[in-house]
S.K.: 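This structure is in structure tokens; I'll ask about it shortly.
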There are 2 protein chains.
Amino acid sequence: MTSMTAEITPQQLIVWRMLQRAQVGITRSLETELLSRHDLAPAAYEVLHQLSEAPGRRLRMNDLAERVLLSRSGLTRLIDRLQRDGLVEREACTSDARGLYAVLTEGGERRLTEATPTYLRAVRERFLDLLSEEELRQCAAMLTKLFTGA
Amino acid sequence: MTSMTAEITPQQLIVWRMLQRAQVGITRSLETELLSRHDLAPAAYEVLHQLSEAPGRRLRMNDLAERVLLSRSGLTRLIDRLQRDGLVEREACTSDARGLYAVLTEGGERRLTEATPTYLRAVRERFLDLLSEEELRQCAAMLTKLFTGA
DNA sequence: AGGGTGTATGTGCTTATGCAACCTTCTAGG
DNA sequence: CCTAGAAGGTTGCATAAGCACATACACCCT
């Protein structure tokens, strides 16, 4: 345990502030790219991506909300928008009349396919390509610790 | 150069997704703590903090907006709220009649002082304490590379 | 069955934020 | 000087997201 009561050193705080700035910077450039090129907000991309990986290209609303880190009401509205744009549909769940599936449409799949290169390129340019393989391993190890700690 | 045209490996993508989740998790718990204990949004904390470190406890709006990573209009509204709550004041700039200073008030300083332990504790618990000193050094090195690359 | 408790989803309202348009003031070039 | 354009700041508008509440259904226990 590095510190139960120890103070934070200025260096530590700098790391934290850098992390925040890096995060904001990467996120914003990703957002700008996705919006300008494909008219997709990052959360919308995330939804399409999760659906495309799910069996039957569908997920329950609740499940999907957790995966994209959105509140349930937030997801309701986001799916509303995606449905309006024809990228997703809602479908009743036969086994549970309360439940709804969000289902990826053909159009949604197409849009995802178009947007994915943009997404990956941004992630590479702003993150992955800037680090060595060794650093990426270190990064993964740290992130794992952050999760098990939280 | 790891890759000019290379594809992203699944492992790399996992690191990226973990990073996003870590960021969201830390940010949200910080937000919850600051809001519930001190009625301060993270951005508001950031403003108070920047002002407290600035000479004369004041910064030009534009300058402040950049430091807290907010658009100018976003900062205008945030300062409106902080002013309404008596934590900050606006003051004219003598050398440039266009300019305004945001100035930290006594009350703002008090609020910042109250909130800082909460802020630091959250950052420690969710981030700093979970990593070794060596890891923190690695992290700093990576972040530096991310900035120079961007 | 029948009722109480918990779960899945949607809605009303509030808040935060960005972009584009707008005034005011500054500054540089003629 | 005076004008054109840039810069600082605010405002109008639109969007996104969350919380609290409402509704419909499910499931368990007696």
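Only a predicted model underlies this, so the values are computations on that prediction, with no experimental measurement involved. Letters A, B, ... mirror the listed sequences (proteins, then strands); counts begin at 1.
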S.K.: For the side chain of B:Asp96, starting at C-beta, report the closest nucleotide among C:dT25, D:dG9, C:dA8.
M.R.: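 Side chain of B:Asp96 sits closest to C:dT25.
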S.K.: Would you call A:Arg137-A:Glu134 a salt bridge at under 4.0 Å N-O?
M.R.: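 Yes, charged N to carboxylate O under 4.0 Å.
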S.K.: Please report, rounded to the nearest Å, how far the C1' atom of D:dT10 is from the CG atom of B:Leu78.
M.R.: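 It is 14 Å, rounded to the nearest whole Å.
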S.K.: Would you call B:Arg81 and B:Asp85 a salt bridge, taking side-chain N to carboxylate O under 4.0 Å as the test?
M.R.: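 No, this pair does not count.
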S.K.: Out of D:dA16, D:dG18, D:dA26, which nucleotide sits closest to the side chain of A:Arg81?
M.R.: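 Looking only at heavy atoms from C-beta outward on A:Arg81, the closest nucleotide is D:dA16.
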S.K.: Please pick, from D:dT10, C:dG10, D:dG18, the nucleotide with the shortest atom-to-atom distance to any side-chain atom of A:Leu100.
M.R.: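 Closest nucleotide to the A:Leu100 side chain: C:dG10.
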S.K.: Of the nucleotides D:dG8, C:dT17, C:dT11, which has the atom closest to the A:Arg77 side chain?
M.R.: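 Given the options D:dG8, C:dT17, C:dT11, the side chain of A:Arg77 is closest to C:dT11.
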S.K.: Let me know, please, whether A:Asp80 or A:Arg28 comes out on the 5' side of the other along DNA chain C by nearest nucleotide.
M.R.: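 Result: A:Asp80.
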S.K.: Please determine whether the number of non-hydrogen atoms from other residues, nucleotides or ligands lying under 6.0 Å from atom CD of B:Glu89 exceeds 12.
M.R.: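 Open.
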S.K.: With DNA chain D as reference, determine whether A:Ser73 or A:Thr94 sits nearer its 5' end, using the nearest nucleotide of each.
M.R.: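 This one resolves to A:Ser73.
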S.K.: Could you state the CG-P distance from B:Leu82 to C:dT15, rounded to the nearest angstrom?
M.R.: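 About 15 Å, once rounded to whole Å.
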S.K.: Inspect the contact between B:Asp80 and B:Arg84 and indicate whether a charged nitrogen and a carboxylate oxygen are less than 4.0 angstrom apart.
M.R.: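 Looking at B:Arg84 and B:Asp80, the cut-off is not met.
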S.K.: Rounding to an integer number of Å, can you tell me how far A:Met61 CE sits from C:dT7 P?
M.R.: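 Distance, rounded to whole Å: 18 Å.
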S.K.: Quick check on C:dG10: is either OP1 or OP2 less than 4.0 Å from any side-chain nitrogen or oxygen of A:Arg90?
M.R.: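 Yes, within the criterion.
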S.K.: Expressed as a whole number of angstroms, how long is the span from A:Arg98:CZ to C:dG10:P?
M.R.: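 Going from A:Arg98 (CZ) to C:dG10 (P), I get 13 Å.
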